[in-house]
Amino acid sequence: ISMIYIYFLNKEEQKKKDIKILVVDDDPVTRTLLEKKLQKAEYEIELAENGVAAVRMIADQFYDVVLTDLMMAPMDGMKLLRRIRARYPRIQVIMFTSFSSVSNAVKAMRLGAFSFFTKGNPAEELLTEVRKVARMARDEPADADASAVHDREREIGVGDRKITLR
């Protein structure tokens, strides 16, 4: 019985390792913190210092999830989100920012972001969103259009406010 338990445990760990996440932020401290947090959760992580670097990396290999900052130069998170949605609809995007506003959150979600996270909120909230996306990535058939996920009703948090998008 213990051998079966170990087998299932290892299979779950392998599923996490199969999820590739690209973290995009112009702040090296934030990139490193997210990298460590996500590696501890046993995801495969790569880093990009801005949206332009992220576009190059995404063109070279597939990522299941892109975690991107909103405010970056020379390409901000919204432009990166638009680029990803237009060319790589199966990649899920989680946007994060220090400068949360209802209008930015709504805009990001309408452009196709899976969720919107405010820096300074507990990291566990971000990990919860990553786990949701990872489950979708593992269970989704290879030919399915991931953008169909965005047709459902979603609730997002901006600061201490919750907004429901339909």
Side-chain angles (χ1 to χ4, degrees), residues 9 11-25 30-48 50-51 53-55 57-70 72 75-98 100 104-158 162-166:
L9 184 68
K11 195 164 178 98
E12 277 304 307
E13 288 173 8
Q14 184 58 44
K15 283 182 179 181
K16 280 185 180 180
K17 286 286 188 191
D18 291 343
I19 302 299
K20 288 191 72 154
I21 299 174
L22 178 62
V23 176
V24 187
D25 197 321
T30 301
R31 278 196 316 266
T32 302
L33 288 172
L34 286 172
E35 177 184 32
K36 288 181 180 183
K37 192 62 109 169
L38 292 164
Q39 282 177 337
K40 187 176 179 183
E42 301 183 1
Y43 294 106
E44 187 177 338
I45 309 302
E46 292 193 17
L47 306 173
N50 58 48
V55 168
M57 293 173 75
I58 292 167
D60 289 339
Q61 66 183 37
F62 180 77
Y63 295 91
D64 297 286
V65 183
V66 172
L67 297 176
T68 184
D69 189 18
L70 174 62
M72 297 180 293
M75 179 188 295
D76 68 17
M78 291 292 185
K79 287 181 185 170
L80 177 58
L81 173 60
R82 282 188 193 98
R83 217 17 115 70
I84 292 170
R85 280 287 142 256
R87 296 184 181 154
Y88 311 100
R90 290 195 57 224
I91 297 175
Q92 295 300 317
V93 178
I94 297 175
M95 179 105 29
F96 59 88
T97 185
S98 296
S100 66
N104 280 336
V106 170
K107 183 176 180 181
M109 300 298 279
R110 289 208 167 124
L111 287 173
F114 181 82
S115 64
F116 191 90
F117 181 79
T118 303
K119 291 179 185 177
N121 284 349
E124 188 56 40
E125 289 180 19
L126 180 60
L127 288 174
T128 298
E129 292 300 299
V130 170
R131 280 191 289 271
K132 286 179 193 174
V133 174
R135 278 194 301 269
M136 283 178 18
R138 283 193 308 263
D139 296 337
E140 184 174 89
D143 59 344
D145 181 5
S147 62
V149 168
H150 300 290
D151 293 338
R152 64 177 171 30
E153 183 177 288
R154 293 175 288 168
E155 184 176 275
I156 57 173
V158 180
K162 294 283 184 194
I163 302 167
T164 301
L165 297 177
R166 294 186 166 98

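All values below were derived from every heavy atom in this structure, side-chain atoms included, with hydrogens, water molecules and symmetry-related copies excluded.
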Open item on the list: Any salt bridge linking R82 with D76? Criterion: basic side-chain nitrogen under 4.0 Å from a carboxylate oxygen.
Closed with: no
- [ ] Considering non-hydrogen atoms only, spot the tightest contact between A48 and M57 and give its length.
- [x] CB-SD, 3.7 Å
Open item on the list: If I compare all heavy atoms of I21 with all of Y63, which pair ends up nearest, and what's the gap?
Closed with: C-CD2, 4.0 Å
Open item on the list: Measuring from atom CG of L67 to atom CG of L126, what distance do you get when rounded to the nearest 0.5 angstrom?
Closed with: 5.5 Å
Open item on the list: Are the side chains of L38 and V23 in contact, using a 4.5 Å heavy-atom criterion?
Closed with: yes
Open item on the list: side-chain contact (heavy atoms from CB on, under 4.5 Å) for T32 and T30? Distances and angles first, verdict last.
Closed with: CA-CA 5 Å; T32 302; T30 301; over 6 Å; no
Task: CD1-CD distance between I94 and Q92, expressed to the nearest 0.5 angstrom - done: 8.5 Å
TODO: Can you spot which of K119, E125, E124 makes a side chain to side chain contact (heavy atoms under 4.5 Å, CB included) with N121?
DONE: E125
TODO: Side-chain contact test, heavy atoms from C-beta onward, threshold under 4.5 Å: evaluate it for V24 versus N50 and give yes or no.
DONE: no
Open item on the list: With a 3.5 Å distance limit and no angle check, can you tell me whether R85 reaches the backbone of I91 through a side-chain donor-acceptor pair?
Closed with: yes
Open item on the list: Quick test of your reading of the model: are R90 and D64 salt-bridged, counting only N-O distances below 4.0 Å?
Closed with: no
Task: Close side-chain approach of T68 and V93, heavy atoms under 4.5 Å - done: yes
Open item on the list: Taking the side chain as everything from C-beta on, heavy atoms only, tell me whether K37 gets closer than 4.5 Å to L127.
Closed with: yes
- [ ] Of all the heavy-atom pairs spanning F116 and M109, show the shortest one and how long it is.
- [x] N-SD, 4.1 Å
- [ ] May I ask you to test the F114-K132 pair for a side-chain heavy-atom distance under 4.5 Å?
- [x] yes
Task: Close side-chain approach of D69 and T97, heavy atoms under 4.5 Å - done: yes
Open item on the list: In the structure I gave you, are the side-chain heavy atoms of K20 and Q61 within less than 4.5 Å of one another anywhere?
Closed with: yes
Task: Nearest heavy atoms of D25 and F96, plus distance in Å - done: OD2-CE1, 3.1 Å
Task: Criterion side-chain contact (heavy atoms from CB on, under 4.5 Å) on V66 and Y88, from CA distance to verdict - done: CA-CA 11 Å; V66 172; Y88 311 100; over 6 Å; no
TODO: State whether E46 and R31 are salt-bridged, where the test is any N-O pair (Lys NZ or Arg NE/NH1/NH2 against Asp/Glu carboxylate O) under 4.0 Å.
DONE: no
Task: Test item: K107 and L111 side chains (from C-beta on) under 4.5 Å apart, heavy atoms - done: yes
TODO: Considering non-hydrogen atoms only, spot the tightest contact between M72 and G77 and give its length.
DONE: CE-N, 4.0 Å
